[in-house]
Protein chains: 2
Amino acid sequence: MAKDKKLVTAITSMEEDFAQWYTDICKKAELIEYTSVKGCMVIRPYGYAIWENIQHILDSRFKATGHENVCMPMFIPESLLQKEKDHVEGFAPEVAWVTHGGNEKLEDRLCVRPTSETLFCEHYANIVHSYRDLPKLYNQWVSVVRWEKTTRPFLRSREFLWQEGHTIHATAEEAIEETERMLNVYADFCEDSLAMPVVKGKKTESDKFAGAVSTYAIEALMHDGKALQAGTSHYFGDGFAKAFDIEYTDKENKRVFPHQTSWGVTTRLIGAVIMTHGDDNGLVLPPAVAPIQVVIIPVAQHKEGVLEKANELKDRLAAIGLRVKLDDSENSPGWKFAEYEMKGVPLRVEIGPRDIEEGNCVIASRWNGEKVTVALGDLETAAEQKLKEAHDGMYRKALDNQTRRTYACTSIDEINKALEQGDGFIKAMWCGEEACEDSIKEQTGVGSRCIPFEQEHLSDVCVCCGKPAKHMVYWGKAY
Amino acid sequence: MAKDKKLVTAITSMEEDFAQWYTDICKKAELIEYTSVKGCMVIRPYGYAIWENIQHILDSRFKATGHENVCMPMFIPESLLQKEKDHVEGFAPEVAWVTHGGNEKLEDRLCVRPTSETLFCEHYANIVHSYRDLPKLYNQWVSVVRWEKTTRPFLRSREFLWQEGHTIHATAEEAIEETERMLNVYADFCEDSLAMPVVKGKKTESDKFAGAVSTYAIEALMHDGKALQAGTSHYFGDGFAKAFDIEYTDKENKRVFPHQTSWGVTTRLIGAVIMTHGDDNGLVLPPAVAPIQVVIIPVAQHKEGVLEKANELKDRLAAIGLRVKLDDSENSPGWKFAEYEMKGVPLRVEIGPRDIEEGNCVIASRWNGEKVTVALGDLETAAEQKLKEAHDGMYRKALDNQTRRTYACTSIDEINKALEQGDGFIKAMWCGEEACEDSIKEQTGVGSRCIPFEQEHLSDVCVCCGKPAKHMVYWGKAY
């Protein structure tokens with residue numbers, strides 16, 4: 001057995017040190033590796049394959065809603081970045097600056113895009129002239145750079161992969177509708193493909209994207225009770241259009257400003273998957289994005305007929321469109337069990353001489369550890385059913401965790417008391433004033449996550465100032 | 001009809017000004033748009049969709065040959081770039097330098113990757129320890145930056161999209177085999193999917209990639225007789241491994257250096273498609289990568305039943321997996337004909353009241369202008385056949401052009417005489433000395449393109465010095 005092949009060693013338990021548990025999974029499941037480029041990482045094949053699956057599903061959803069992909073330059077001239085005041089204020093302090101090309105000093109330095117509103121606006125000014133040119137529904141899959149001080153794999157890194165949708169519309173109504181449509185696409189994707197429940201809502205004024213009229217977000221709750229912003233969608237009104245001189249001629253032959261949106265999700269979703277579903281044995285992947293959905297592990301594979309049968313099962317599962325791998329390496333079955341548990345493969349099929357004799361195989365489900373014996377003839381049906389059960393079970397479990405850790409509070413004291421049981425979502429009424437938002441954070445440690453679309457009436461007054469409440473807000477500690 | 005919608009205006013003819021013809025197509029077919037970022041461009045939806053099709057086909061071929069995708073950082077610390085002497089000498093003069101992150105000056109400045117050998121090497125040093133860890137067959141789809149002085153859309157821009165394969169193997173033999181395998185993947189792709197014949201061969205010493213032991217390339221001949229390097233594949237030996245301390249323990253428990261390769265194709269392939277197949281009416285796209293394979297244009301669409309029938313045809317073609325678009329906009333059929341000719345859509349289906357009455361439609365092929373009347377019941381078969389004919393015909397036409405413009409020469413005089421008929425490939429014998437290579441270029445204007453794998457014996461001696469010839473070489477003027 002494995003001579004100098006490294007053994008899968010245990011990882012730090014979640015209870016003991018959640019942050020270390022997270023990093024251990026990133027490394028041991030071979031999702032990432034560090035580099036000498038500070039704050040940047042290598043996304044390894046197994047991690048990248050998860051991203052490819054995410055891309056594939058989301059890209060289909062974007063195209064089904066009429067969007068087209070484009071590619072903008074990765075650089076933004078400083079002069080262009082400065083055109084929208086709020087936007088540049090928000091981003092300039094955290095961009096990487098290119099000052100030299102070859103041996104030449106640049107006159108107008110270039111930043112590496114932290115986001116591409118300015119480039120899209122410049123392009124729209126070139127191509128949008130008439131109401132017939134609208135809407136433009138564009139998206140791009142690229143990486144962006146933000147010079148973060150402290151970084152963590154997937155959650156916060158100086159360079160990260162994302163998609164950024166940028167759309168431009170004739171009317172405010174259409175643009176707002178688009179903002180909501182894409183937030184729903186994200187929410188549905190998180191639930192349908194990542195088995196991750198999210199809360200949809202609007203960000204408070206203080207938490208808006210730089211340059212936006214309003215920012216919508218989906219918020220998820222991690223294992224440790226911390227909130228993670230999993231996707232955002234921004235409505236810009238005509239502010240960018242005015243700053244970039246984008247005008248069009250409407251049907252009445254008048255010159256008017258169009259309305260814009262942008263929306264994005266990032267490789268952070270992989271971090272969300274780890275912290276929503278993972279356990280002390282490693283990663284647990286939702287079937288829809290798992291690079292390997294079923295791993296087949298032969299037992300006593302040197303015995304006659306075992307590898308043949310294992311290959312046959314592999315071919316049968318591949319034939320129904322499942323992503324399946326047969327591990328016929330010389331490592332022991334025990335080693336392999338641990339390896340694919342660490343990698344979060346949803347189903348393991350075990351097949352040995354006795355199983356073959358009895359016409360059975362064993363299917364083990366990663367998410368709940370359940371093992372069932374299945375007649376070989378029923379393999380396809382059983383695998384599909386177990387994958388569906390895995391998705392549904394994982395979603396239910398995550399939703400239970402979220403529900404259990406969500407506390408409705410009507411006073412600062414109640415909030416602090418609730419948080420003694422551990423971090424989670426706090427639902428509490430708010431007057432809408434930034435001063436109270438700040439004060440709540442100061443007194444309890446939780447910040448506003450979003451004003452959910454699904455409002456509840458918990459009381460008439462703000463938990464902080466006692467004045468009439470405007471909204472129920474989700475509060476939490478954020479990643 | 002079209003009120004303020006811009007009309008498709010004629011483009012410069014190829015004969016009149018080839019360079020302007022090329023740029024006109026890039027703009028009028030809506031492939032690209034310029035930006036305020038010098039030397040960089042926007043790849044617009046129609047251009048990007050071609051790239052997505054190229055990616056999709058190539059990525060499947062890479063995966064079918066065992067490769068996995070990863071993602072490296074876009075930055076390379078200067079100290080890392082300097083580790084391999086030839087490599088840094090080749091690339092340092094043309095990289096973009098990031099000197100500041102936010103307001104902070106960086107101690108070790110970072111270049112924006114011009115290529116990623118150094119990052120892959122650093123990663124391999126971390127993950128390759130034993131013969132069991134080999135080979136690693138990695139690829140990434142990213143953009144890279146090279147600070148070019150003069151730029152042209154797709155052919156030479158400061159930022160361009162590409163894929164870069166980077167592999168590491170136990171032995172030199174395996175690595176060389178990989179280098180050749182991937183060159184063949186590229187050549188097959190160019191012929192099978194781009195309908196573009198290529199010459200496969202080895203670059204001369206003076207034309208090698210910085211840091212390579214040998215560089216292989218595929219060379220294509222454009223409409224104007226200029227050669228275009230369409231893809232390269234490099235064998236590195238163990239030079240990078242030594243520079244980056246990548247060692248592994250072999251089966252005999254000895255520490256040895258592994259052998260590496262890299263290989264890449266870029267968005268330049270889109271330029272190659274334009275200049276191989278385009279004509280004075282615009283782009284002509286090979287069916288395999290055309291974003292729209294069939295456009296349906298209703299004639300007298302206001303008449304009863306026309307749009308209904310057009311929609312029915314669209315659904316039928318979509319059902320057999322074709323990329324099909326129905327243009328039911330209010331523009332005139334004539335405007336639409338010109339528009340989709342400009343965009344190089346392989347087939348146009350015309351359907352009007354008379355056609356419906358007669359149970360027919362008309363299929364027009366973009367590549368040769370042929371129009372045929374087809375019974376509506378035969379639409380699917382006819383469309384598939386016409387697409388196949390388009391691919392085959394385009395390939396044959398391009399090969400004819402290449403053959404007609406390839407001249408076998410046995411003296412400098414013959415080369416110059418051949419070139420009087422126009423640019424093209426010159427086949428001529430060479431002694432292998434760089435001095436002769438330089439002298440040939442000086443005397444005739446053509447440089448070595450490659451030493452083709454398919455050698456011919458044209459004479460015993462070098463066309464330049466008259467000493468014994470070592471190779472037959474393809475010479476040409478290059479893009």
Side-chain angles (χ1 to χ4, degrees), chain A residues 2-6 33-38 40-49 51-52 68-77 79-80 92-104 109-110 112 119 122-123 126-127 129-130 132-133 138 140 142-143 145 147 158-159 161 249, chain B residues 3-6 33-38 40-49 51-52 68-77 79-80 92-104 106 109-110 112 119 122-123 126-127 129-130 132-133 138 140 142-143 145 147 158-159 161 249:
Chain A
K3 279 131 209 164
D4 57 2
K5 171 103 174 118
K6 69 172 190 316
E33 182 59 81
Y34 294 107
T35 70
S36 62
V37 194
K38 243 198 205 156
C40 298
M41 62 185 182
V42 176
I43 306 184
R44 302 186 63 181
Y46 196 67
Y48 197 77
W51 183 240
E52 285 183 314
E68 302 179 290
N69 285 333
V70 299
C71 185
M72 293 283 153
M74 70 154 81
F75 298 125
I76 306 173
S79 54
L80 190 68
E94 57 173 40
V95 297
W97 291 105
V98 173
T99 56
H100 291 75
N103 300 316
E104 222 176 287
R109 42 179 205 167
L110 303 169
V112 182
L119 292 166
E122 181 186 57
H123 183 50
N126 278 329
I127 64 166
H129 308 293
S130 147
R132 290 162 192 274
D133 299 325
Y138 289 171
Q140 66 176 2
V142 294
S143 73
V145 169
W147 220 252
R158 288 188 171 170
E159 181 188 3
L161 303 182
T249 309
Chain B
K3 280 134 210 163
D4 58 359
K5 171 107 173 115
K6 73 174 184 314
E33 183 58 81
Y34 294 107
T35 69
S36 62
V37 194
K38 244 198 206 156
C40 297
M41 60 186 183
V42 176
I43 306 184
R44 301 186 64 181
Y46 196 67
Y48 198 76
W51 182 240
E52 284 184 313
E68 301 178 290
N69 286 333
V70 300
C71 186
M72 293 283 152
M74 69 154 81
F75 299 124
I76 306 173
S79 54
L80 190 68
E94 58 172 41
V95 297
W97 290 106
V98 172
T99 56
H100 290 74
N103 300 316
E104 222 175 285
L106 305 183
R109 42 177 204 167
L110 303 169
V112 182
L119 292 165
E122 181 187 58
H123 184 50
N126 277 330
I127 64 167
H129 308 292
S130 144
R132 290 161 192 272
D133 300 325
Y138 290 170
Q140 66 177 3
V142 294
S143 73
V145 170
W147 219 252
R158 285 187 173 170
E159 181 187 5
L161 303 183
T249 309

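Protein chains get the first letters and strands the later ones, always in sequence-line order, with residue 1 at the start of each. Note that this is a predicted model, so its numbers are computed, not measured.
With rounding to the nearest 0.5 angstrom, the CG atom of L110(B) is 9.0 Å from the OG atom of S36(A).
The minimum heavy-atom distance linking S143(B) with M74(A) is given by the pair OG-CE, 3.3 Å. The two atoms that bring V37(B) and F75(A) nearest to each other are CG2-O, 3.4 Å, heavy atoms only.
At a 4.5 Å heavy-atom cutoff, the contact between V145(B) and chain A is made by side-chain atoms alone. In this structure, chain B has no heavy atom under 4.5 Å from any part of Y46(A). Contacts between V42(A) and chain B at a heavy-atom distance below 4.5 Å involve backbone atoms as well as side-chain atoms. For H100(A), the parts lying under 4.5 angstrom from a heavy atom of chain B are both the backbone and the side chain. Interface remark: W97(B) contributes backbone and side-chain atoms alike to the contact with chain A (heavy atom separation under 4.5 Å). Contact annotation for E104(A): only side-chain heavy atoms (C-beta onward) come within less than 4.5 Å of a heavy atom of chain B. Both the backbone and the side chain of N69(A) come within contact range of chain B, with heavy atoms under 4.5 Å apart.
Counting heavy-atom pairs closer than 4.5 Å to chain A, the top-ranked of the candidates C40(B), P77(B), P73(B) is P73(B). Interface remark: of the candidates R44(B), K38(B), M41(B), R158(B), R44(B) forms the most heavy-atom pairs closer than 4.5 Å to chain A. Contact count versus chain A (heavy atoms, under 4.5 Å) is highest, among A92(B), A96(B), S79(B), G47(B), for A96(B). Taking V142(B), L119(B), I76(B), V112(B) one by one and counting their heavy-atom pairs under 4.5 Å with chain A, the maximum is reached by V112(B).
Judged as a salt bridge (charged side-chain N to carboxylate O under 4.0 Å, His left out), and not counting sequence neighbours, the contacts of R109(A) are E78(A). Scored by the salt bridge (charged side-chain N to carboxylate O under 4.0 Å, His left out) test, E33(A) finds K27(A) as partners (sequence neighbours excluded).
With respect to T35(B), the side-chain contact (heavy atoms from CB on, under 4.5 Å) criterion is satisfied by exactly one of H123(A), M72(A), E122(A): E122(A).
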